[in-house]
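Step one of this worksheet: look at the structure below.
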Amino acid sequence: MPGKELDPYTSPEAFLGAELRLRREARGWSQTKLASVAHMTGSRIAQIELGSVPATLDNATALDVALETGGLFTRLYRFAANAPMVADWMELYIGLEATAVAISTYTSSFIPGLLQTEGYMRALMEGARQRAGDEVEKGYVETRLKRQEILRRSNPPVMWFILEEQVLLRPVGGTKVMADQLRYLAEMADHPDVVIQVVPTAVGAHPCLGVTLCLLDLLDRPRVAYVEGNMTGQLFMDPDRVMKCAMSYDLTRIHACSRAESALMIRAALEKMQP
């Protein structure tokens, strides 16, 4: 029975999977046969060929030995692990986020998107609106508001947010807009499925400083990580990369105030911000 037809050019992981299938079938091997030679399982071979769970470096090395490729899959693995984000990374991330059972987010420069008020969103988008027009701002706000529907589900995911103290003090959009944002943030701090922790400015440097990091726990596939810097972003599915991102998140969380202390910091910032 022929395998499912996939477009190998949708991602580096899909290309690696298509190349694996091509080389396996050229030898007349089944997935079970290749799995036996490469000391893996047939289901793992299927996952890699479909691109549903990307190959690890150990997988790539074992496949190179089994299929005598001269290191092809190791090179493809390294390319996939370091490839820049595809143009539709946001669509891919949003799709995964909507199915997550747990979401862990760290931000150093702004309130996390899932917790933003509409006024705060529009203030953040002001620069983009000036460059690209009103339609860009409208699309951005509509997309972000739709993402927030996850908070109103009957079974919302567990959400853990870590943010810098300085984020609470920056009057994005002016004091009124920011006061409304902080008021909403204080309300969300009491949400049963939401944890908000603040990292005091006095902490100084820590592993996540200067980036945005999101970790998604999913039911039907391994955890994924999204890392965003200044004007760049990348979604990681490789288990080794994701594990390093998770470790950075955990090491940063050590420096954060408790849930109760963070709620007090949010309310204190609100009192100072209220016009």
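Just so it is clear, the values below take in all heavy atoms, side chains as well, and ignore hydrogens, waters and symmetry mates. These figures come from a predicted structure and were not determined experimentally.
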Checklist entry - Is there a side-chain contact (heavy atoms from CB on, under 4.5 Å) between Leu163 and Gln197 once you walk through the steps? => result CA-CA 7 Å; Leu163 55 152; Gln197 289 185 271; over 6 Å; no
Item to check | Phe73/Leu20 under side-chain contact (heavy atoms from CB on, under 4.5 Å): CA gap, chis, key distance, verdict | outcome: CA-CA 8 Å; Phe73 292 114; Leu20 175 59; 3.9 Å; yes
Next on the checklist: Under the criterion side-chain contact (heavy atoms from CB on, under 4.5 Å), I'd like the reasoning laid out for Glu228 against Leu235: C-alpha separation, chi angles, the key distance, then a yes or no.
Outcome noted: CA-CA 9 Å; Glu228 185 176 81; Leu235 190 67; over 6 Å; no
Checklist entry - Is there a ring pair (Phe, Tyr, Trp, His ring centres under 6.0 Å) between Tyr106 and His206 once you walk through the steps? => result CA-CA 12 Å; Tyr106 165 83; His206 55 74; 5.5 Å; yes
Item to check | Pair Glu118-Arg122, salt bridge (charged side-chain N to carboxylate O under 4.0 Å, His left out): steps then yes or no | outcome: CA-CA 6 Å; Glu118 185 172 342; Arg122 293 189 182 282; 2.8 Å; yes
Next on the checklist: Walk me through whether Phe161 and Ile111 qualify under side-chain contact (heavy atoms from CB on, under 4.5 Å).
Outcome noted: CA-CA 9 Å; Phe161 300 96; Ile111 301 294; over 6 Å; no
Item to check | salt bridge (charged side-chain N to carboxylate O under 4.0 Å, His left out) between Arg24 and Glu49, worked out | outcome: CA-CA 10 Å; Arg24 173 179 62 78; Glu49 290 189 352; 2.6 Å; yes
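With rounding to the nearest 0.5 Å, the separation of OH in Tyr226 from CD in Glu97 is 11.5 Å. Of the inter-residue distances, the one linking Leu168 atom CG with Ser262 atom OG reads 8.5 Å to the nearest 0.5 angstrom. In this structure, CZ on Arg267 lies 9.5 Å from CG on Leu185, to the nearest 0.5 angstrom. With values rounded to the nearest 0.5 angstrom, Leu72 atom CG is found 10.0 Å from Leu63 atom CG. Taken from CG in Asp64 to CZ in Arg75, the straight-line distance is 7.5 Å, to the nearest 0.5 Å. Distance check: Glu142 CD to Met121 CE gives 11.0 Å after rounding to the nearest 0.5 Å.
The hydrophobic cluster containing Leu251 does not contain Ile162, counting ILVMFWY residues as joined when their side-chain heavy atoms lie under 4.5 angstrom apart, directly or transitively. Hydrophobic clustering (ILVMFWY, side-chain heavy atoms < 4.5 Å, transitive): Val65 and Leu67 are in distinct clusters. Linking Ile, Leu, Val, Met, Phe, Trp and Tyr whenever their side-chain heavy atoms come within less than 4.5 Å puts Val203 and Leu213 in one cluster. Hydrophobic clustering, with ILVMFWY side chains joined whenever heavy atoms are under 4.5 angstrom apart, keeps Leu169 apart from Ile266.
Residues Ile103 and Pro157 approach most closely at CD1-CG, 4.0 Å, considering heavy atoms. Heavy atoms only, all atoms of each residue included: Ala123 and Gly173 are closest at CB-CA, 3.5 Å. In terms of heavy-atom proximity, Ser109 sits nearest to Arg170 at O-NH1, 3.1 Å. Residue Ser108 comes nearest to Val167 through the heavy atom pair O-CG2, 3.6 Å, listed as atom of the first residue, atom of the second, then distance. For the residue pair Val37 and Ala66, the shortest heavy atom distance occurs at CG1-CB, 3.6 Å. Nearest heavy-atom pair, Pro200 versus His255, reported as atom, atom and distance to 0.1 Å: CD-O, 3.6 Å.
Val172 places none of its side-chain heavy atoms less than 4.5 Å from the side chain of Phe110. In this structure, the side chains of Pro54 and Asp238 stay at 4.5 Å or more apart for every pair of heavy atoms. Inter-residue side-chain proximity for Ile150 and Pro156 is flagged as unmet; no heavy-atom pair is nearer than 4.5 Å. Within the 4.5 Å cutoff, side-chain heavy atoms of Arg44 are placed close to those of Val53. Under the 4.5 Å side-chain criterion, counting only non-hydrogen atoms from C-beta, Pro12 is not in contact with Tyr77. By the 4.5 Å heavy-atom criterion applied to side chains, Leu114 and Arg144 are not counted as neighbours. The closest side-chain heavy-atom distance from Arg259 to Trp160 is not below 4.5 Å. Proximity of Asn59 to Met40: side-chain heavy atoms (C-beta onward) are separated by under 4.5 Å at one or more points.
Residue pairs meeting the side-chain hydrogen bond (donor to acceptor under 3.5 Å, both in side chains) criterion with at least one member in residues 210-221, sequence neighbours excluded, are Asp217-Arg223.
Between Arg27 and Glu68 there is a salt bridge, with a side-chain nitrogen of the basic residue lying less than 4.0 Å from a carboxylate oxygen of the acidic one. At a threshold of 4.0 Å, the pair Arg153-Glu149 does not count as salt-bridged, since none of the basic side-chain nitrogens sits closer than that to a carboxylate oxygen. The pair Asp180-Lys176 meets the salt-bridge criterion, since a charged nitrogen lies less than 4.0 angstrom from a carboxylate oxygen. Salt bridge Arg183/Glu187: absent, no basic N to carboxylate O contact under 4.0 Å.
With Met159 as the fixed residue, the side-chain contact (heavy atoms from CB on, under 4.5 Å) test singles out one of Leu151, Leu115, Thr105: Leu151.
A donor-acceptor contact shorter than 3.5 Å links the side chain of Gln181 to the backbone of Thr117. Not a single donor-acceptor pair under 3.5 Å links the side chain of Glu164 to the backbone N or O of Val198. Under the 3.5 Å distance criterion, the side-chain polar atoms of Thr252 are matched with a main-chain donor or acceptor of Ser248. At distances below 3.5 Å, not a single donor-acceptor pair connects side-chain atoms of Gln234 with backbone N or O atoms of Ala225.
A cation-pi arrangement, defined by a distance under 6.0 Å to the six-membered ring centre and an angle within 45 degrees of its axis, is absent between Arg23 and Trp29.
Residue Val101 is found in a hydrophobic cluster whose other members, listed by chain and number, are Leu219; membership requires side-chain heavy atoms under 4.5 Å apart, directly or through intermediates.
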